[in-house]
Participant: 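Before I ask anything, here is the structure I am working with.
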Amino acid sequence: MTNTTGLDEYGAARGSRGCRVEVNQGPVVGHGRACGTFGELLQGVLPDGDRDFLVTLPITEGAGARLTLTGGPGPVLVVPETKRKSHRLVRSMLTACGYEGGAVLELTGRLPEGKGLASSSADLVATARAVADALGARLDSTAIEALLRGIEPSDGVMHDGIVSFYHRESRLRERLGCLPRLTIVGVDEGGQVDTVRHNRVPHPRSGRDKHEYAELLDRLAGAVRTHDLAEVGAVATRSAQLSTKVRPRRHLDALLRITAEAGGLGLAAAHSGTVLGVLIAAHDPEHDAKVRAVVAAGERLAGSVSTFTSLCRHEECLPAAGGAPC
């Protein structure tokens, strides 16, 4: 059976060119990848419509997906089988495209779950891209937003660069650009956070808080455009401080001291996760010494420390960042 039904009939994948897969033609393989984000540079609620938003901090770590359409009857399997949201997504996309055969989705990546690094969103975005690749369909970031909208709040990792994003709505607010490469020394306070459950809980903010978030977003947007890393660090730090109104951060004060002592740019938080990260510019002449100092101090503080690298894909950042595609 030749399937010519486009993914646009799913109601989400606008711009799809349709599927080009016959059930009995033999194995067809598709690949997809998506980046994670180290928490958020900023997250809060805006006064205009009380809309929850975040600003991404893309990192080079991410998720990969490989989908094999077996070309014959059979079940749709996902490896590892615990990735139930990806299983739901791949089944719905294949059904929407009229593919009725067997399939195997294999997910890979090193993003830990429940820490605030967008592991679930990265899995889903990589899955959507792998399905579209296997089916010969074109799937843009707006279509992926819509596909994820019915599954869970999303971290905006379907978009390149740094974006402001209405995560509870899975909807882009604005593309902000990108920054020269940053090293992020992440300290894990332990445990896990269920993002879906976290976003179901109301997080009341005062009118004063909402206006401050609007001011911080304006400052951050300007700082990203001008590559003002000091201002980016200052906004991220303030957002981390404000995040304690929603979730306690027992290591926040200590990490603020460590950041200041090491000469870091600021502190980024996973607002719905367990990690806090010290930001250090990759082009800082004292970069290596600063990273070593923060790692050592972080290990004394919490014991669980990991180092991440921010992701830049835009030409204007390449000389400073050596940016590589996700």
Participant: To the nearest 0.5 Å, tell me how far T56 OG1 sits from R175 CZ.
Facilitator: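 Result: 10.5 Å between the selected atoms.
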Participant: Rounded to the nearest 0.5 Å, what separation is found between the CG atom of L111 and the CG atom of D123?
Facilitator: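 If we round to the nearest 0.5 Å, L111:CG and D123:CG are 8.0 Å apart.
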Participant: I'd like to know whether V125 forms a side chain to side chain contact (heavy atoms under 4.5 Å, CB included) with L148, so could you lay out the CA-CA distance, the side-chain angles of the two residues, the decisive distance to 0.1 Å, and finally the verdict.
Facilitator: CA-CA 8 Å; V125 173; L148 270 58; 4.0 Å; yes
Participant: Check step by step if salt bridge (charged side-chain N to carboxylate O under 4.0 Å, His left out) holds for K115 and D188.
Facilitator: CA-CA 8 Å; K115 300 298 182 182; D188 186 1; 2.8 Å; yes
Participant: Is atom CZ of R91 surrounded by more than 12 heavy atoms (other residues, nucleotides or ligands) closer than 6.0 Å?
Facilitator: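 At most 12 heavy atoms, drawn from other residues, nucleotides or ligands, come within 6.0 Å of this atom.
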Participant: Restricting to pairs with a member in residues 233-244, which pass salt bridge (charged side-chain N to carboxylate O under 4.0 Å, His left out), not counting sequence neighbours?
Facilitator: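 The answer is E212-R238.
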Participant: Are there more than 12 heavy atoms of other residues, nucleotides or ligands under 6.0 Å from atom CG of D48?
Facilitator: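 Result for CG/D48: open.
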Participant: Which heavy atom of A34 sits nearest to which heavy atom of A126, and what is that distance?
Facilitator: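 Closest approach of A34 to A126: CB-N, 3.8 Å.
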Participant: Measure the CG-CG distance between L255 and L267 for me, rounded to the nearest 0.5 Å.
Facilitator: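 Answer for the CG-CG pair, L255 versus L267, is 5.5 Å.
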Participant: What are the two closest non-hydrogen atoms of G101 and V76, and how far apart are they?
Facilitator: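 Shortest heavy-atom contact: O-CG2, 4.4 Å.
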Participant: Are L182 and V224 joined in one hydrophobic group, where the rule is that I, L, V, M, F, W and Y side chains link up if heavy atoms are under 4.5 Å apart?
Facilitator: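 Shared cluster, yes.
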Participant: Does anything in residues 107-161 pair up under ring pair (Phe, Tyr, Trp, His ring centres under 6.0 Å), and if so which pairs, sequence neighbours excluded?
Facilitator: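 Sorted pair list: H159-F165.
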Participant: Mind checking whether L117 and V295 sit in one hydrophobic cluster, side chains of I, L, V, M, F, W, Y counted as touching below 4.5 Å?
Facilitator: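 Shared cluster, no.
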Participant: Enumerate the residue pairs fulfilling salt bridge (charged side-chain N to carboxylate O under 4.0 Å, His left out) with a member in residues 223-234, sequence neighbours excluded, ordered by first and then second residue.
Facilitator: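 Only R219-E231 qualify under salt bridge (charged side-chain N to carboxylate O under 4.0 Å, His left out).
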Participant: Is a donor on one side and an acceptor on the other found under 3.5 Å between the side chain of H271 and the backbone of A269?
Facilitator: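 Present.
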Participant: Search all heavy atoms of S119 against all heavy atoms of G114 and return the closest pair with its distance.
Facilitator: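 Looking at all heavy atoms of both residues, the shortest contact is OG-N, 4.2 Å.
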Participant: Decide yes or no on side chain to side chain contact (heavy atoms under 4.5 Å, CB included) for L265 and V232, but give the supporting numbers first.
Facilitator: CA-CA 8 Å; L265 295 165; V232 169; over 6 Å; no
Participant: Can you name the closest pair of heavy atoms from A103 and L67 and give their distance?
Facilitator: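 Between these two residues, the closest heavy atoms are CB-CD1, 4.0 Å.
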Participant: Can L217 be reached from Y166 by stepping across I, L, V, M, F, W or Y side chains whose heavy atoms are under 4.5 Å apart?
Facilitator: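 The answer is yes; both residues are in one hydrophobic cluster.
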Participant: Not counting sequence neighbours, list each pair that qualifies as a ring pair (Phe, Tyr, Trp, His ring centres under 6.0 Å) and has a residue in residues 48-98.
Facilitator: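 Every candidate ring pair (Phe, Tyr, Trp, His ring centres under 6.0 Å) pair involving residues 48-98 fails, so no pair, neighbours aside, qualifies.
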Participant: Kindly write out the residues that satisfy salt bridge (charged side-chain N to carboxylate O under 4.0 Å, His left out) with R88, not counting sequence neighbours, or none if the list is empty.
Facilitator: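 With neighbours one apart ignored, the set is empty.
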Participant: At what distance, to the nearest 0.5 angstrom, does NZ of K210 lie from CG of L46?
Facilitator: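 Reported value, rounded in 0.5 Å steps: 10.0 Å.
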Participant: List the atom of A134, the atom of V28, and the distance in Å for their closest heavy-atom pair.
Facilitator: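 Closest heavy-atom pair between A134 and V28: O-CG1, 3.4 Å.
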Participant: So, does S154 use its side chain to make a donor-acceptor pair with the main chain of S170 at under 3.5 Å?
Facilitator: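 Flag not set: sc S154 to bb S170 has no pair under 3.5 Å.
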Participant: Pair D52, H167 - check side chain to side chain contact (heavy atoms under 4.5 Å, CB included), show working.
Facilitator: CA-CA 7 Å; D52 293 82; H167 53 286; 3.6 Å; yes
Participant: With a 3.5 Å distance limit and no angle check, can you tell me whether H211 reaches the backbone of S206 through a side-chain donor-acceptor pair?
Facilitator: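 No: the side chain of H211 does not pair with the backbone of S206.
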Participant: Please say yes or no: joined through hydrophobic side-chain contacts below 4.5 Å, possibly via intermediate residues, are L179 and V291 part of one cluster?
Facilitator: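 Each belongs to a different hydrophobic cluster.
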Participant: Under the side chain to side chain contact (heavy atoms under 4.5 Å, CB included) criterion, do R66 and T108 qualify, and how do the steps go?
Facilitator: CA-CA 9 Å; R66 172 189 168 97; T108 59; over 6 Å; no
Participant: Would you give me the side-chain donor-acceptor pairs under 3.5 Å for residues 297-305, sequence neighbours excluded?
Facilitator:
none

Participant: Between S164 and E174, is there a donor-acceptor pair closer than 3.5 Å when you use the side chain of the first and the backbone of the second?
Facilitator: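 Such a contact is found between S164 side chain and E174 backbone.
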Participant: May I have all residue pairs that pass ring pair (Phe, Tyr, Trp, His ring centres under 6.0 Å) and include part of residues 233-260, sequence neighbours excluded?
Facilitator: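 Checked against ring pair (Phe, Tyr, Trp, His ring centres under 6.0 Å) - neighbours excluded - no pair reaches residues 233-260.
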Participant: With sequence neighbours excluded, tell me which residues meet salt bridge (charged side-chain N to carboxylate O under 4.0 Å, His left out) with R171.
Facilitator: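 Once residues adjacent in sequence are excluded, the partners of R171 under the salt bridge (charged side-chain N to carboxylate O under 4.0 Å, His left out) criterion are E169.
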Participant: Give a yes or no on whether the backbone of V78 and the side-chain of K83 come within a donor-acceptor separation of less than 3.5 Å.
Facilitator: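 No; judged by distance alone, with no hydrogens or angles, the pair does not exist.
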Participant: Using only atom types and a distance under 3.5 Å, with no angle test, would you say the side chain of R250 pairs donor to acceptor with the backbone of E189?
Facilitator: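 Checking the backbone N and O of E189 against the side chain of R250, a donor-acceptor pair under 3.5 Å is found.
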Participant: Please enumerate all residues that pass side-chain hydrogen bond (donor to acceptor under 3.5 Å, both in side chains) together with S121, with sequence neighbours excluded.
Facilitator: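 Result, side-chain hydrogen bond (donor to acceptor under 3.5 Å, both in side chains) vs S121: D155.
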Participant: Is it the case that one hydrophobic cluster holds both L242 and L57, taking links as side-chain heavy atoms less than 4.5 Å apart, direct or via other members?
Facilitator: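 Yes, same cluster.
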Participant: Mind checking what makes salt bridge (charged side-chain N to carboxylate O under 4.0 Å, His left out) contact with R249, not counting sequence neighbours?
Facilitator: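 Checked R249 against salt bridge (charged side-chain N to carboxylate O under 4.0 Å, His left out); zero matches.
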Participant: Would a distance-only check, ignoring hydrogens and angles, find a side-chain to backbone donor-acceptor pair under 3.5 Å from T259 to V278?
Facilitator: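 Not confirmed, T259 side chain does not pair with V278 backbone.
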Participant: In Å and rounded to the nearest 0.5 Å, what is the CG to OG distance from L105 to S86?
Facilitator: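 Going from CG on L105 over to OG on S86, the span is 6.0 Å.
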Participant: Not counting sequence neighbours, which residues clear ring pair (Phe, Tyr, Trp, His ring centres under 6.0 Å) with F308? List them please.
Facilitator: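 Applying ring pair (Phe, Tyr, Trp, His ring centres under 6.0 Å) to F308 gives F38.
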Participant: Nearest 0.5 Å, what's the CD1-OG distance between I59 and S310?
Facilitator: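 Result: 9.5 Å between the selected atoms.
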Participant: Can you confirm whether the side chains of E40 and S239 place a donor and an acceptor under 3.5 Å from each other?
Facilitator: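 Side-chain D/A pair, E40 to S239: absent.
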Participant: Could you pull out all residues at least two apart from E215 that satisfy salt bridge (charged side-chain N to carboxylate O under 4.0 Å, His left out)?
Facilitator: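 Per chain and number, E215 pairs via salt bridge (charged side-chain N to carboxylate O under 4.0 Å, His left out) with no residue.
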Participant: Measure from the side-chain N and O atoms of T183 to the backbone N and O of A282, and report whether any donor-acceptor pair falls under 3.5 Å.
Facilitator: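 Absent.
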